[in-house]
S.K.: 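Before I ask anything, here is the structure I am working with.
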Amino acid sequence: MSQQQISLPAKLINGGIAGIVGVTCVFPIDLAKTRLQNQRKGQQVYKNLMDCLVKTVRSEGYFGMYRGAAVNLTLVTPEKAIKLAANDFFRHHLSKDGRGLTVLKEMLAGCGAGMCQVIITTPMEMLKIQLQDAGRLAAQQRMPGICATNKLAPTAAVLSRSYTAVPNSARAISATQIAKELLHAQGIQGLYKGLGATIMRDVPFSIVYFPLFANLNRLGKRSDDVVPFYWSFLSGCVAGSTAAVAVNPCDVVKTRLQSLSKGTNEEVYTGVVDCVSKIMKREGPSAFLKGAGCRALVIAPLFGIAQVMYLVGVGEFILNQIPFNPYTP
């Protein structure tokens with residue numbers, strides 16, 4: 001890569017396609033992750049991943065597992081495009097004389113990619129979480145002894161009509177409605193609630209993921225200097241799951257901060273420090289590992305699939321830069 005000019009448009013196309021394919025495959029697990037992370041002690045609606053998916057299908061139908069997928073698929077194209085292409089861009093400019101990058105430079109490239117992607121990631125996650133968590137709140141309302149009224153964070157009071165218009169809040173909201181009301185009430189900063197926590201999650205993730213993937217992928221290089229697609233997939237899975245578990249505490253904090261609608265007796269957080277303090281005090285250190293298994297199950301195949309799609313070179317093929325060969329990316 002250091003000796004060749006990279007095509008940014010082709011890389012952006014590759015990243016967009018990679019994101020769409022990956023998200024479509026793993027979105028139900030991501031929904032379960034969000035709902036499990038938002039549960040508090042004594043108010044557990046779901047026992048584990050499978051219990052969450054089964055109850056979701058029973059109460060919301062099969063497509064309930066894809067609640068929030070539309071906004072995610074819409075924004076994941078630029079998000080993954082920016083993330084993967086930015087990493088390649090920074091790696092290209094950090095390399096010198098055709099020599100491989102040091103681990104430190106690989107980490108710097110990953111850091112740059114993480115900082116770039118939060119521009120899209122934050123509003124995408126903000127809207128997705130509201131839609132994903134609506135089913136949990138509706139299920140909590142149906143539990144015996146639980147008051148049916150949700151409370152909202154003070155900054156999100158404008159959304160009350162969206163969440164209480166009908167008894168089944170899972171069907172009462174849409175990403176467009178939430179976005180419009182946030183923009184009307186708070187301006188663009190309303191969509192960037194939890195930006196600090198998103199940076200805390202995505203920058204360390206990229207710092208861990210990209211160097212680890214690059215080095216694992218390099219181990220599978222054949223004598224003809226080509227890495228088989230299955231090796232790239234496995235490398236993406238291992239690197240993705242490792243990075244996901246490493247930053248899971250930050251993901252829990254981000255999810256809590258970006259959840260505008262709260263269930264009965266659920267805390268409202270004023271910021272990252274307040275969120276960390278209250279979780280530690282009321283739920284203990286183990287709460288920061290909530291959803292870690294689900295997150296690993298989401299990220300592993302997501303980045304395995306994404307890396308294969310990215311390395312296949314569909315973007316270069318579309319732009320007539322290389323012949324298409326799906327078997328040896």
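Only heavy atoms go into these numbers, but all of them, side chains included; no hydrogens, no water, no symmetry mates.
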S.K.: Name all residues meeting the side-chain hydrogen bond (donor to acceptor under 3.5 Å, both in side chains) criterion together with Glu79; count only those two or more places apart in sequence or in a different chain, and write none if there are none.
M.R.: Gln117, Thr121
S.K.: Phe303: what forms a ring-ring contact (aromatic ring centres under 6.0 Å, His included) with it, not counting sequence neighbours?
M.R.: Phe205, Tyr209
S.K.: Identify, with sequence neighbours excluded, every residue that meets side-chain hydrogen bond (donor to acceptor under 3.5 Å, both in side chains) alongside Asn48.
M.R.: none
S.K.: When you measure from the side chain of Arg35 to the backbone of Gln132, do you find a donor-acceptor pair of N or O atoms at a distance under 3.5 Å?
M.R.: yes
S.K.: Restricting to side chain to side chain contact (heavy atoms under 4.5 Å, CB included), what partner residues turn up for Phe233, sequence neighbours left out?
M.R.: Cys237, Ile305, Val308
S.K.: Does the side chain of Thr34 come under 3.5 Å of the side chain of Asp133 through a donor N or O and an acceptor N or O?
M.R.: no
S.K.: Throw together a table of side-chain donor-acceptor distances under 3.5 angstrom for residues 283-302, partners on residues two or more places apart or in other chains.
M.R.:
| residue | atom | partner | partner atom | Å |
| --- | --- | --- | --- | --- |
| Glu283 | OE1 | Arg256 | NH2 | 3.0 |
| Glu283 | OE1 | Lys290 | NZ | 2.9 |
| Glu283 | OE2 | Arg256 | NH1 | 3.0 |
| Glu283 | OE2 | Arg256 | NH2 | 3.4 |
| Lys290 | NZ | Gln39 | O | 2.4 |

S.K.: Going by side chain to side chain contact (heavy atoms under 4.5 Å, CB included), name the residues that satisfy it together with Thr74, two or more places apart in sequence or in a different chain.
M.R.: none
S.K.: Return the set of residues passing side-chain hydrogen bond (donor to acceptor under 3.5 Å, both in side chains) with Lys278 (not counting sequence neighbours), or none when no residue passes.
M.R.: Asp274
S.K.: Could you tell me whether a side-chain N or O of Ser95 sits under 3.5 Å from a main-chain N or O of His92, the two making a donor and an acceptor?
M.R.: yes
S.K.: Hydrophobic clusters join Ile, Leu, Val, Met, Phe, Trp and Tyr when side-chain heavy atoms are under 4.5 Å apart, directly or via other members; which others share one with Val54?
M.R.: none
S.K.: Under the side chain to side chain contact (heavy atoms under 4.5 Å, CB included) test, which residues partner Ser277, sequence neighbours left out?
M.R.: none
S.K.: Taking side-chain hydrogen bond (donor to acceptor under 3.5 Å, both in side chains) as the test, write out the residues that go with Asn248, two or more places apart.
M.R.: none
S.K.: Could you work out the complete set of other residues in the hydrophobic cluster of Ile129, with links drawn between I, L, V, M, F, W and Y side chains under 4.5 Å apart?
M.R.: none
S.K.: Which ring pair (Phe, Tyr, Trp, His ring centres under 6.0 Å) pairs, counting each pair once, include a residue from residues 108-138, with sequence neighbours left out?
M.R.: none
